[in-house]
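Sequence positions, counted from 1, serve as the residue numbers for this chain.
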Amino acid sequence: MPLSFCIVDDDASARKMLQHIIEDSGLGEVTGTAGGGAEGVRQILSEPPDIVLMDLLMPDQDGIEVIDSLRAQGCSSRFVMISQIENQDMVGRAYRSGIEFFIRKPINRIEVETVLRKINERYALGHYLDEIKSSLKKLEDLRSAPLAAQNKRTVREAIQPILMNMGLIGESGSRDMIAIMELLLERGGEAGGNLPPLKELYRQTAATYKTKPEDIAKEVKAIEQRLRRALMAGLTNLASLGLTDYGNPRFEYYAPLYFDFEDVRMKMKEIEEGREPGNSKGKVNIKKFLQVLFIEVQEQLGG
């Protein structure tokens, strides 16, 4: 069954263009459109679509406010934000509101098709994983409570396959990732993968390695450096994999989930042009990576 889409954008030409791209490319069916936030909320709640394409800036409400309103009213649609805004704070707010991807204006057909195909694949994968989880839960219910407790997985066991799939298992920063996840789970992480400020998280983790205040201060800086090096290695591994095989399941799943899409594209371009990684500092979003990792570890451990 094709996915259903709703387009919320105050630009009528943009709505028309997006509808043509979706339907001409066989990506799904546009079941509703709206020219503003309030109209979009009414349209989406009356006929909930699978995917919503949401403009960031509209006359009556910005897209982030609309998404927050819809979430508060129980909307389970997936969101893709559309805007020409380059402000990183705004983009960060959009991702924190729960969007899947960010499409920049002016609208580029190839980018829209690529992003929406990823959404389709992720939607299908999520549905498949839900079915697997449902089946596994039925099996778990058949086990006795003592046996389930005896076979409880550790944080290390949950995280190692994830790091291995991104080529991070040999990086020194992987030890810090495991320590951070253990710390968050031990102290009770917040819902949705929200983390304390990174510096505080590094300090708490450093205190599990060192005891003297001066040693802890040095270790905080070392942890950040190790994490950044590890994430750059993971980003490079996935970008190289994407260049070799864009349809590889590991690239399709881990690259957009753990890294910012723009950083992945820049790294792929850097590799494709033959520039040595050492000649470019590059950038990685450490907080996003740790948030996603924490959510996945929580899910695997049943937290």
Side-chain angles (χ1 to χ4, degrees), residues 1-124 126 246 252 255-257 259-266 268-269:
M1 184 177 178
L3 294 182
S4 57
F5 289 81
C6 181
I7 303 168
V8 183
D9 194 314
D10 63 320
D11 185 341
S13 62
R15 296 198 301 272
K16 188 174 182 180
M17 184 182 299
L18 288 167
Q19 182 167 358
H20 280 314
I21 293 173
I22 292 168
E23 295 181 345
D24 292 351
S25 303
L27 293 166
E29 177 187 4
V30 176
T31 57
T33 63
E39 182 187 357
V41 169
R42 290 193 298 271
Q43 174 73 38
I44 292 164
L45 291 179
S46 65
E47 190 177 355
D50 298 313
I51 312 292
V52 177
L53 304 185
M54 179 75 67
D55 189 18
L56 177 55
L57 297 180
M58 293 179 287
D60 58 341
Q61 277 183 299
D62 71 47
I64 297 172
E65 292 172 341
V66 177
I67 291 173
D68 289 342
S69 173
L70 287 166
R71 291 289 193 213
Q73 297 179 72
C75 176
S76 60
S77 300
R78 299 189 176 202
F79 295 90
V80 176
M81 191 67 79
I82 309 165
S83 180
Q84 58 189 5
I85 291 293
E86 295 288 344
N87 184 289
Q88 290 302 310
D89 290 337
M90 289 291 287
V91 174
R93 280 185 60 211
Y95 275 108
R96 287 193 295 274
S97 73
I99 69 167
E100 302 268 339
F101 285 102
F102 201 99
I103 295 175
R104 287 177 173 80
K105 289 183 176 180
I107 292 168
N108 178 288
R109 184 185 185 96
I110 294 175
E111 181 180 12
V112 173
E113 287 184 2
T114 300
V115 168
L116 294 188
R117 288 192 196 284
K118 295 295 180 192
I119 291 286
N120 278 18
E121 291 163 6
R122 187 178 291 186
Y123 193 95
Y246 197 77
E252 290 187 333
L257 186 62
F259 297 93
D260 289 338
F261 189 63
E262 189 64 28
D263 294 342
V264 176
R265 288 198 303 184
M266 288 177 63
M268 291 174 74
K269 183 178 179 182

*What residues form a ring-ring contact (aromatic ring centres under 6.0 Å, His included) with F5, not counting sequence neighbours?*
none
*Test side-chain contact (heavy atoms from CB on, under 4.5 Å) applied to K105 and D55, step by step*: CA-CA 10 Å; K105 289 183 176 180; D55 189 18; 3.6 Å; yes
*CE-CG distance between M17 and N108, expressed to the nearest 0.5 angstrom*: 10.0 Å
*Would L18 and I82 count as a side-chain contact (heavy atoms from CB on, under 4.5 Å) if you check the C-alpha gap in whole Å, the side-chain angles of each, and the deciding distance to 0.1 Å?*
CA-CA 10 Å; L18 288 167; I82 309 165; 3.5 Å; yes
*What residues, two or more places apart in sequence or in another chain, satisfy side chain to side chain contact (heavy atoms under 4.5 Å, CB included) together with F102?*
L56, M81, S83, V91, A94, Y95, I99, R104
*Would you mind reporting whether L116 and I21 have side-chain heavy atoms less than 4.5 Å apart?*
no
_Minimum heavy-atom distance P49-C6, with the two atoms named_ = CG-CB, 3.6 Å
_side chain to side chain donor-acceptor pair (under 3.5 Å) partners for R96, two or more places apart_ = none
_Taking D50's backbone N and O only, do any of them form a donor-acceptor pair with S4's side chain (distance below 3.5 Å, no angle check)?_
yes
Below 3.5 Å, can you tabulate the donor-acceptor pairs from side chains in residues 57-68 to any protein atom, sequence neighbours excluded?
residue, atom, partner, partner atom, Å
D60, OD1, G37, N, 3.0
D60, OD2, G37, N, 3.1
D60, OD2, A38, N, 3.0
D62, OD1, I64, N, 2.9
D62, OD1, E65, N, 2.8
E65, OE1, D62, N, 3.3

*For side-chain contact (heavy atoms from CB on, under 4.5 Å), just list the numbers for L70 and L45, CA-CA rounded to whole Å, side-chain angles, deciding distance to a tenth of an Å, and then say yes or no.*
CA-CA 8 Å; L70 287 166; L45 291 179; 3.9 Å; yes
*asked:* Checking D263 now: which residues fulfil salt bridge (charged side-chain N to carboxylate O under 4.0 Å, His left out) with it, not counting sequence neighbours?
replied: K283
_Sequence-distant partners of R109, salt bridge (charged side-chain N to carboxylate O under 4.0 Å, His left out), two or more places apart_ = E113
*Would you find a donor on one side and an acceptor on the other, under 3.5 Å apart, between the side chain of T33 and the backbone of I7?*
no
*Is there a donor-acceptor pair closer than 3.5 Å between any side-chain N or O of S25 and the backbone N or O of I22?*
no
*When you measure from the side chain of E111 to the backbone N and O of I103, does any donor-acceptor pair fall under 3.5 Å?*
no
*Non-hydrogen atoms of R71 and C75 that approach each other most closely*: NH1-O, 3.3 Å
*Lys/Arg-Asp/Glu bridge criterion (N-O < 4.0 Å) met for R42, E39*: no
